[in-house]
Structures are given as C-alpha cells and as structure tokens.
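Everything on this sheet refers to the single structure shown next.
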Number of protein chains: 2
Amino acid sequence: MDIDTRSEFVESWGSMGVLWGINRSMARIHALLLATREPLGLEEITEELDMSRGNASMCLKELRHWGVVRRVNLTGERRDFYIAEDDAWSMLFRIASERKKREFDPALSALQKVLASAGEEDDLVKDRLEELEEMLRAMDRLLQRFLASEGASRGMLKFLSAQIPYRSKKGE
Amino acid sequence: MDIDTRSEFVESWGSMGVLWGINRSMARIHALLLATREPLGLEEITEELDMSRGNASMCLKELRHWGVVRRVNLTGERRDFYIAEDDAWSMLFRIASERKKREFDPALSALQKVLASAGEEDDLVKDRLEELEEMLRAMDRLLQRFLASEGASRGMLKFLSAQIPYRSKKGE
DNA sequence: ATGATTATTCAGAAAATACTGAACAACCAA
DNA sequence: TTGGTTGTTCAGTATTTTCTGAATAATCAT
C-alpha cells in the first residue's frame, strides 16, 4: 500500500479520535494497525509513528482494554505483535456508551430535575428547557439507533485471528 | 427556581459541553442563561459562576458568535445584558457542522484514498477499511439527518428580544 | 542460576488548554 | 474636557493532558 496515503490516513484518524474521546496517539496506533496487513510489534509502531515505547505500550494496553486491538504471538518470534480487531464498530460502541453514561445521562437527569422544579410561572424558562430536553432525547434516540447497529456489520470474520500462525501465551 | 437544582444543571451542562467541543466555562454560562428568566449582566454571571470578567467576556463573545446567546439593552441600564437564544438547537447545529468539516470529512476522504490505493492483493486490509468506510458513512448520514432537524423546533419565537421593559438590580 | 531481550510502569517533562487580572478602550454624563 | 463606569484584550499563569525515558519487571535460553 502507498506509504504516503497510509500516513495521511493515520494522521486523519488521529485527529478524528478526539471525536470519540480517545487521544491522538491511541487513534494513530489504531489507524496504523487497521491499515496494515501484518501484525506489528512495538518496535515497528514506535518507529513508524515516532513515539516513545512507553507511550505506545500504554496506548496498546488501553486499545486492548477497549477490545479494539488484539495481541498475537508469531511462531519463532519472541516479541509481542498486535493486530486491529476486525469489527471496528466495537470501538465506537464501547467508548460512546461509556461517555454517554458519564457525561450525557447525568446532564439529562439534571435537566429533568430542573424542569420538575420549574414552577408554572416560569413559562419562558420552562419552554426553553423543554425544548432542550427534547433535543437531548433526540440525541439519545439517535445515539441508541447508532449503537444498535453494532453487530449489523459483523459476519465477515474471515480474519486474522486463526490464520496467523501463532502459539498461545499464558496470562493473556 | 430552586437554586441548588439550577446549579446542578449548570455544572452538568458544563461537563456535557465537552461532548460538543466547547469548554466548561462557555457551557456553564450558556446553562445559566438558559435556566434564568431575566437577562443577566457580566457582573451577575461572574459572581454566580465565580469566574473572571475576562473569561466571561470572552466566552460570551464566542457564544454570541455561535448564535447561541444574544446581547440586549435594558431601558435605564447602561450595562449590557445577555440572554440565551430560544432555539438551543442552533448551538449543536453550528458547532457540530464545524467539527464535522474540520475533523470528520478529512478522515473520510483520507480513508477513501487509502481504499482506492489498496491493491486487490490486500484483501484483509481492504475488507477492514471498507467496513470502516461504511461506518463513517453511516455516521455521516446520521449526523446529517440530525442536523437536518434544525429548524424543526423553531417557531416559538415569543421571546425576549424586543419586549424587555426591564430593570434588574443587584441583590435579587 | 546468569545474561539477553522485550514489556510495563510511572515520576517528571513537555505541550496543550483554560483562566486570570490588569491595561486599555469605549462610552456616557456633567 | 474630566471622571466614572463598563467592556475587551492578551501576556502571563495555572491547570490539565499527553508523552518521554529510565527504572523495573517479566520472559526466555543456556
């Protein structure tokens, strides 16, 4: 694959990462793995993306935690290698759910509390906040519809997992 | 309105602000104006939210720039006062559009370039990236449908803008 | 065991972001 | 004009976030 094109993709994906709340390094690593056929080792990643081992290691740990990246062992290789999981949806799905829970839902319920306590005399405020609540609920529905589509595009699991000749490792 | 409830709303809205990419101070000011019947002056805002005049002034400038807050003049008052615009949608609409343009669209086109340059031999990568592209386009459609609903909830423009024959005083 | 290789952690450095406050500007009234 | 009041700006500061790199841990071969 064209190397310039790939690095442009890596950087774009890095910028977009903030949209779903992951930092640039994580998103860049994820992009690199997505765009690469072969599993990559820490060495290759730090080299290609020009970042420290420590940072890369931490990012990979988190990416694995989100279920977005998997660690594999190649026969004859001592080092660890990493590949992107096949369903990129899961990243969005999990991270978005998490953020929704942490940031969205509290605001929604606070708003509903305000609404409940707004006396009838507060017409202006009440109308405005009702509109706001409607907006949040619209977002909620939209988000849910989006998240519900997770799994829709599964099924093309003709993926690396099996075909990479690898041996298992304890403590995985 | 219950003061505790209101401040809880202000803080929640502040946290949620980061979701659409505005900072805490801006979102808090916006929330305060949304939850308040009367127009507020700089003084009241800095006092209630405990922030500097400079910060509040800058935030209000930006909020006006996004078309989310309006400046009004009260008869007999020399100072400026501020109210939240009636259609809170516009905030999301404009900010989301902007972010989409800056962060989303470049990633999508970079991805499409990668796809175009991925040779047929790269089956694995290609499949994976096609799935990714599909995901981004799904988000695109969703975002567009959401943004298209702007205007749907207009029409309750029974608002402050002109009427305000008002006189506010410190120590309400 | 020892040494060689690779992985992880985390205290501190660096960078990015947000905020303050004082200087200045704009405005008004007398 | 002057003096008083309010608004805006921005250089510097504070805070938060991200990254580095050296220390440590883990693993493997011999």
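Note: hydrogens, waters and symmetry copies are ignored here, and every other heavy atom, side chains too, is used. Just so it is clear: chains get the letters A, B, ... in the order the sequence lines come, proteins before strands, and each one is counted from 1. If you're wondering where the values come from, they're calculated on a predicted model, not measured in any experiment.
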Can you find a pair of side-chain heavy atoms, one from B:Phe104 and one from B:Leu136, that are under 4.5 Å apart?
yes

Between A:Glu43 and A:Arg53, is there a salt bridge with N-O shorter than 4.0 Å?
yes

Which whole-number value in Å describes the distance from A:Leu63 CG to C:dT8 P?
13 Å

CG of B:Leu74 versus C1' of D:dT6: gap in Å, rounded?
14 Å

For A:Ile45 and D:dT20, what is the distance between atoms CD1 and C1' respectively, to the nearest whole Å?
17 Å

Is the shortest side-chain N to carboxylate O distance from B:Arg137 to B:Glu133 below 4.0 Å?
yes

Below the 4.0 Å mark, does D:dG7 have OP1 or OP2 next to a side-chain nitrogen or oxygen of B:Lys61?
no

In whole Å, I'd like the distance from the CG atom of A:Asn73 to the C1' atom of D:dA26.
14 Å

Produce a footprint string for nucleotides 19-30 of chain C: one letter per nucleotide, 5' end first; B if the base is under 4.0 Å from any protein heavy atom, S if only the sugar-phosphate is, - if neither.
SBB-----BB--

Base, sugar-phosphate or nothing for B:Arg64? Non-hydrogen atoms, less than 4.0 Å.
sugar-phosphate

Just jot down the side-chain hydrogen bond (donor to acceptor under 3.5 Å, both in side chains) partners of A:Asp105, sequence neighbours excluded, or say none.
A:Lys100

Whole-Å distance between D:dT18 P and A:Leu60 CG?
16 Å

Give the rounded distance in Å between these two atoms: CD of B:Glu44 and P of D:dT6.
11 Å

Round to a whole Å and report the spacing from CZ of A:Arg79 to C1' of D:dA26.
17 Å

A:Glu47: which residues meet the side-chain hydrogen bond (donor to acceptor under 3.5 Å, both in side chains) condition with it, sequence neighbours left out?
none

Atom CZ of B:Arg71 and atom P of D:dT8: how far apart are they, to the nearest Å?
5 Å

Using a 3.5 Å distance criterion without hydrogens, assess whether the side chain of A:Arg128 forms a donor-acceptor pair with backbone atoms of B:Thr36.
yes

